[in-house]
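Below: the structure, in structure tokens.
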2 protein chains.
Amino acid sequence: MVSERNNKKNYQCPVEATLDVIGGKWKPLILWQLRGEKLRFSGLRQNMQGISPKMLTKQLRELEADGLVFREVYPEIPPRVEYSLTEFGKTVIPVLEALCEWGNGYLGRECILGKNEGAKTSERLSQ
Amino acid sequence: MVSERNNKKNYQCPVEATLDVIGGKWKPLILWQLRGEKLRFSGLRQNMQGISPKMLTKQLRELEADGLVFREVYPEIPPRVEYSLTEFGKTVIPVLEALCEWGNGYLGRECILGKNEGAKTSERLSQ
DNA sequence: CGGAATCCAACTCGATACTG
DNA sequence: CAGTATCGAGTTGGATTCCG
């Protein structure tokens, strides 16, 4: 029932669907990391301090089921699995950038977290 | 502790912050409804079938604490409260539109939900 | 009318240990 | 290496009832 995802439930609006697909705590990070390069399971994990293998697996499976991420298994010993964005998956990047940009504006309103002079776009996400 | 929101936690990236502010099951709907007009509590509720007053209150309070929504109380009998977007709140509209548009693309990939010929932008949300 | 209070079910998320 | 299995704490969301 993971591979079927939620059968694209009856969303009240498309925004809900989008948030269901790319939202949550980890998916934006995953998608962002895969933006420019294939990554292996452990490679993804390194840049997401605190995620358990179980969670990472779950998120990746969902992204795969939703057609955003391609999972390629190399039948070797030791096993190797590479994750990359599908063509469709790449279409979310601009959306993520929009979210990132607005988030920077929101955070900059009175909070800090390290000021981002110069980096007025989406540099923050890549850290 | 609701009025303080989460003190802008340590987000791993601005996208997380954005999703925390405008994400979830109800907030997009609320923001979208307030896009063009002030609305009262009951007015908002009518267009969100299934939401409990508790939830609507909670969401509105959070949006207010985050500076997106303005809450104006008219000291009358019976009481009247009007909700509207702040200037800052209006800046999320383009973001919502981006999310909406991508969501339509996602939903249209193989799912139905009523085809939206002609309405290739964000008409869906307004229903 | 516009909520607040209470209780509870469901789902999310994480820690830990183990495996082909 | 790339996961799976199990357990459980925490958060979210909903139903219901009551109040100024």
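Sequence lines set the chain letters: A, B, ... in the order given, protein chains first and strands last, and positions in each chain run from 1.
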(message) Quick check: do A/K90 and A/F88 have side-chain heavy atoms less than 4.5 Å from each other?
(response)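 Heavy-atom side-chain distance check fails, nothing below 4.5 Å.
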(message) Using side-chain heavy atoms (C-beta onward) and a distance below 4.5 Å, is B/L19 in contact with A/I22?
(response)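 Counting from C-beta outward, B/L19 and A/I22 never come under 4.5 Å.
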(message) Using 0.5 Å steps for rounding, measure from the CG atom of B/D66 to the CZ atom of B/R61.
(response)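 Separation between the atoms: 13.5 Å.
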(message) Rounded to the nearest 0.5 Å, what separates atom CH2 in A/W102 from atom CG in A/N104?
(response) 11.0 Å
Between the protein and nucleotides 3-5 of chain C, list the N/O to N/O atom pairs that are separated by less than 3.5 angstrom.
unit_1: C/dG3; atom_1: OP1; unit_2: B/R71; atom_2: NE; d: 3.4
unit_1: C/dG3; atom_1: OP1; unit_2: B/R71; atom_2: NH2; d: 2.3
unit_1: C/dG3; atom_1: OP2; unit_2: B/Y83; atom_2: OH; d: 2.5
unit_1: C/dA4; atom_1: OP1; unit_2: B/R61; atom_2: NH2; d: 3.1

(request) Can you figure out which of D/dC1, C/dG14, C/dC1 approaches the side chain of A/S52 most closely? (result) C/dG14
(message) Nearest to the side chain of A/M55, heavy atoms from C-beta on, is which of C/dC13, D/dG13, C/dC1?
(response)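 Nearest to the side chain of A/M55 among the choices is C/dC13.
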Can you tell me how far [atom2] of [N] sits from [atom1] of [X], to the nearest Å?
X     : N      : atom1 : atom2 : answer
A/Q59 : D/dA2  : CD    : C1'   : 16 Å
A/Q12 : D/dG13 : CD    : P     : 13 Å
B/Y74 : D/dG20 : OH    : C1'   : 20 Å
B/L56 : D/dT16 : CG    : P     : 18 Å
A/K25 : C/dC11 : NZ    : C1'   : 15 Å
A/M48 : D/dG3  : CE    : P     : 14 Å
B/L44 : C/dG2  : CG    : P     : 10 Å
B/E72 : C/dC1  : CD    : C1'   : 16 Å

(message) Quick test of your reading of the model: are B/E62 and B/K27 salt-bridged, counting only N-O distances below 4.0 Å?
(response) yes
Hey, is the main chain of [Y] close enough, under 3.5 Å, to the side chain of [X] for a donor-acceptor pair?
X     : Y     : value
A/T91 : A/E87 : no
A/T18 : B/L99 : yes
A/T86 : A/G67 : yes

(request) Please determine if a side-chain N or O atom of B/R80 lies less than 4.0 Å away from the OP1 or OP2 oxygen of C/dG2. (result)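 Checking C/dG2 against B/R80, no side-chain N or O comes under 4.0 Å of OP1 or OP2.
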(message) Heavy atoms only, 4.0 Å cut-off, all strands: where does B/G24 land among base, sugar-phosphate and nothing?
(response)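 The residue B/G24 makes no contact with any strand.
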(request) For the helix from C/dC1-D/dG20 to C/dG20-D/dC1, measure the angle between the helix axis at one end and the axis at the other, each built from five pairs, rounding to 10°. (result) 50°
(message) Nearest heavy atom decides the nucleotide; on that basis, is B/I51 or A/S42 closer to the 5' end of DNA chain D?
(response)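 Nearest-nucleotide comparison on DNA chain D picks A/S42.
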Side-chain donor/acceptor pairs under 3.5 Å, residues 36-45 of chain A, sequence neighbours excluded:
unit_1: A/R45; atom_1: NE; unit_2: A/I51; atom_2: O; d: 3.4
unit_1: A/R45; atom_1: NH2; unit_2: A/I51; atom_2: O; d: 3.4

